[in-house]
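We name chains A, B, ... by the order of the sequence lines, and we start the count at 1 in each one. Keep in mind the model is a prediction, meaning the values are calculated, not measured.
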Number of protein chains: 2
Amino acid sequence: MATPAPPAPITDPASLAALLAAARAELPDVRLLTEAIDRESYRLDETAYLAAGLPGAVALPSTTGEVAGLMRLASRFGVAVVPRGAGTGLSGGAAGIEGALTIALTRMDRIVEIDRGNLCVVTQPGVINAQLKAAVAAEGLFYPPDPASYETCSIGGNLGTNAGGLCCVKYGQTRDSVLGLEVVLADGSVIRTGGKNVKDVAGYSLTHLFVGSQGTLGIITEATLRLRPAPAPRQTLLAFFDSLEAAGDAVAAMTQAGLQPVTLELMDGETIRAVEDWHHLGLDTTAAAMLMVESDAPGVGAAAELDRAEAACATAGGREIVRAADAKEADWLRHARREALHALERQGTVRMEDVGVPRARVPQLLRAIERIAAAHGVRCATFGHAGDGNLHPNLIFDRDDPAAAELTHTVRDEIFRAALAMGGTVTAEHGIGAARREWLPIQRGEGAVAVMRAIKAALDPQGILNPGRVL
Amino acid sequence: MATPAPPAPITDPASLAALLAAARAELPDVRLLTEAIDRESYRLDETAYLAAGLPGAVALPSTTGEVAGLMRLASRFGVAVVPRGAGTGLSGGAAGIEGALTIALTRMDRIVEIDRGNLCVVTQPGVINAQLKAAVAAEGLFYPPDPASYETCSIGGNLGTNAGGLCCVKYGQTRDSVLGLEVVLADGSVIRTGGKNVKDVAGYSLTHLFVGSQGTLGIITEATLRLRPAPAPRQTLLAFFDSLEAAGDAVAAMTQAGLQPVTLELMDGETIRAVEDWHHLGLDTTAAAMLMVESDAPGVGAAAELDRAEAACATAGGREIVRAADAKEADWLRHARREALHALERQGTVRMEDVGVPRARVPQLLRAIERIAAAHGVRCATFGHAGDGNLHPNLIFDRDDPAAAELTHTVRDEIFRAALAMGGTVTAEHGIGAARREWLPIQRGEGAVAVMRAIKAALDPQGILNPGRVL
């Protein structure tokens, strides 16, 4: 297929001013932020190392109708739009575009319905992941997706990026929990892509396409999400290793043995020390790697699963294997794992990457990351969802040193090349966003990207939805 | 969005003759069927009640390169193409189009690789589902999707329709097991949409879009499918009820209780009697409904799960609840359930429908089906995947009586309306295909269908891929 070039979106001040004037007249209830100091808060997401533009204005709609109205105006005046959730993204997907309109969905924060009989929840996009989890837990139900930022990230952002997290290894990514969406398209029209049916093959699966498209194809204004009955309380095991490879071998052995832990996380020595330094958990700071394995199997299943995990760790050379004494200790360990990024950020600016490989290749990827970072003398701390083959190498550098920033870029590119050579991906759960665009055709091939561009052009012919992101 | 009208595909004999001449010259290894007697076998799929066209020619390629070559020629000469698997579809999606080229993928029947370490299999589309299952089972692995036709249907057809089956209630539909595809596009270019990574968010999820698109967006020539470790042997329970509603209540109670059976199937009295009549299993032919519940939970979990299922059935009024004595008896019962359609076909032409509703509404849907069929005096036997909310009402009629055929059409439309009024779907696992096209905009809305048409036009601007199907 030929690759159509997307038209350049308009971000000139006159078009935006015309849009704002029309919005004030036609959509009086939409909150608009136009002062520089207010707009500044919408410049960055959590991709701290990435430069971003200052939005020309920020709109805070409260209803689907208002989002539709804003998109009709954006379409009429040709103004570029950045859809944004809670701003916790790690690919620059919701970061500002200079002079464009950011539409933040934070005010659409209502859980519409918890449907126990059909095991699903209908929610607006601005609801925080942890709030949704808590609300359904109160009904004895479970919403699995749990990005590390779950206490601050919103469902809309989770849908936009197809967010992952700690329990994907058992329960999948965000997309796997979505039954249907309400979406506002580029021209302001509103569609629904599904409902409460767990099986439904009527037409193309637009639900799956919109999830993960990072606001480039439409703006999600409501979602119907699949729930599960609350699983048994988790049991937790920690294993410490003298080498990253030994930990990687233990992960591979658990996959081979058919274990289905709910969490199978890895931290390297740098990360262990940064977490310990902050949280004083009594972790073994001389270890080269730590695995955290959790089971939520019912009845005696959890203990049996952890016995098998313990055997795999011991065989791979685990030198210290301990189990959390109780649920409180396990919660605290999980919290510490989630805080790994912030623990590292106390030591410098962190460039957090998000590579993935087919699961059996985790030991090989760990070796490659270590080798590449060492060769360039860059500090690297790696943690991640080893059970999925998804690792986060964190390159720690001094933001005020341009050479250091440049060097992390080189290291990143080499890690990407290594992951792709193993059949891997440059992003397992954070998204291409603005940060990894040039790698999309390298990973997927020009032909596949041409298909994506054709879909983008078909749905957003003016190219106003989050231009320069993903594609 | 505006709805672009798809261009009319060309099926004139001169264009096809030019394509065939070029194929003989440029693709000498592609087997071509041009005799009417050979082409006749490719007219119908298993949608017995649906009229279909006679293909102008049938091509049987053996390689991706040959499929690509055929599509380049189809594109050059503007010839409409019907991609076809084993021909077991139930929506007319692979049935012939008069004068068009059918490309049958049956010769691409090689399992390329079973990758134990990464729990996946790479396969060509012509492999039969049961053969794939058996090959991975020999390695201690499990490929879940199991359409009732699994002994004769092909993986390519399963991918095209996002086929379901008996174990979706626990393991999802075909799409949930797909990691990546190789696809030949309308213009003959070849793309890959993923690989062996279980988490990969690089760009739009083309994998999910192509699965279920019934050959209207591209031809799948290879797939990487996710496997699971082989689960524990199943334990099986049968429960008989005096009314359909009581059985529906038991299903709803099991969902509410959070059971995760691997199979939760329903048969009504008509179906029980047809199956018993053929297979002499000793089923209770005076019952109005039967549920079949299976668990593959590990260890003591299966027996415990069936105990809870039994309690739910007893509370709902189950009058006879029995467990299969051993794996052989359970296999035989499952086989009998799979043969339900063929048992009914011994009694007349069967129009098998495929409606779905949110799970809690199964009792309501059962009531509606019974009421509608009775009101029109049409014989109806219902069975299906009650645990998913997916029921198959089978309208039994005399093919040679045009009024009877017409009447089943009326009954079908009323059942569709009833399902949609409950938030359901006109097709849960068989596909829109050729059989349910006019219902797509009614179910999804014109706006959503306009998006599908825009995607179709972007990927297949000539409209040569399976025209008149799905959209």
Comparing A230(A), G424(A), G433(A), G212(A) against chain B, the one with the most heavy-atom pairs below 4.5 Å turns out to be G424(A)
**Request:** Tell me, with the steps shown, if L209(A) and I455(B) meet side chain to side chain contact (heavy atoms under 4.5 Å, CB included).
**Result:** CA-CA 11 Å; L209(A) 179 65; I455(B) 291 170; 3.7 Å; yes
Whatever's closer than 4.5 Å to a heavy atom in chain A on R175(B) counts as side chain
If one checks every heavy atom of R437(B) against chain A at 4.5 Å, the contacting part turns out to be neither
When the 4.5 angstrom heavy-atom criterion is applied to E429(B) and chain A, the contacting part is both
When the 4.5 angstrom heavy-atom criterion is applied to R116(B) and chain A, the contacting part is both
Between A454(A) and A458(B) the two heavy atoms that sit nearest each other are O-CB, 3.6 Å
Turns out that what part of V198(B) lies under 4.5 Å from chain A's heavy atoms comes down to both
Scored by heavy-atom pairs under 4.5 Å with chain A, the best of V470(B), V426(B), N390(B) is N390(B)
Okay, L440(A) and chain B: the region with an atom under 4.5 Å from a heavy atom over there is side chain
Honestly, the part of A448(A) sitting under 4.5 Å from a heavy atom of chain B is both
Discussion item. Between K199(A) and D354(B), does any side-chain N to carboxylate O distance fall below 4.0 Å?
Written reply: no
Max heavy-atom pairs within cutoff under 4.5 Å with chain A, candidates S91(B), A360(B), G389(B), goes to A360(B)
Bottom line for T161(A): the part with an atom under 4.5 Å from chain B's heavy atoms is backbone
So CZ of R361(B) and CG of N197(A): to nearest 0.5 Å the spacing works out to 10.0 Å
Counting heavy-atom pairs under 4.5 Å with chain A, the top scorer among L471(B), V190(B), I432(B), D388(B) is D388(B)
Cut-off 4.5 Å, heavy atoms of chain B, and the answer for Q256(A) is both
One option among G203(B), G356(B), G195(B) has the most heavy-atom pairs under 4.5 Å with chain A, and it is G203(B)
Of all heavy-atom pairs linking N118(A) and R359(B), the shortest is OD1-N, 2.9 Å
Here the pair of heavy atoms bringing T255(B) nearest to G117(A) is CG2-O, 3.9 Å
Ranked by heavy-atom pairs below 4.5 Å to chain B, first place among A304(A), C168(A), P231(A) goes to C168(A)
Of all heavy-atom pairs linking A202(A) and M452(B), the shortest is O-CE, 4.2 Å
Checking side chain to side chain contact (heavy atoms under 4.5 Å, CB included) for the pair I191(B)/V449(A): CA distance, chi angles, key distance, verdict? CA-CA 9 Å; I191(B) 64 166; V449(A) 175; over 6 Å; no
Comparing P358(A), G140(A), G258(A) against chain B, the one with the most heavy-atom pairs below 4.5 Å turns out to be P358(A)
Okay, T193(A) and chain B: the region with an atom under 4.5 Å from a heavy atom over there is backbone
Q. Charged N to carboxylate O under 4.0 angstrom, R444(A) versus D200(B)?
A. yes
Okay, H430(B) and chain A: the region with an atom under 4.5 Å from a heavy atom over there is backbone
If one checks every heavy atom of L206(B) against chain A at 4.5 Å, the contacting part turns out to be side chain
Okay, Q260(B) and chain A: the region with an atom under 4.5 Å from a heavy atom over there is side chain
In terms of heavy-atom pairs under 4.5 Å with chain A, the winner among T216(B), L179(B), L217(B), V183(B) is L217(B)
Interface check, chain B: of L259(A), D115(A), V201(A), most non-hydrogen pairs under 4.5 Å belong to V201(A)
Pair count under 4.5 Å, heavy atoms only, with chain A: among L141(B), T207(B), L119(B), N162(B), highest is L119(B)
Between the OH atom in Y204(B) and the CZ atom in R453(A), the distance rounded to the nearest 0.5 Å is 9.0 Å
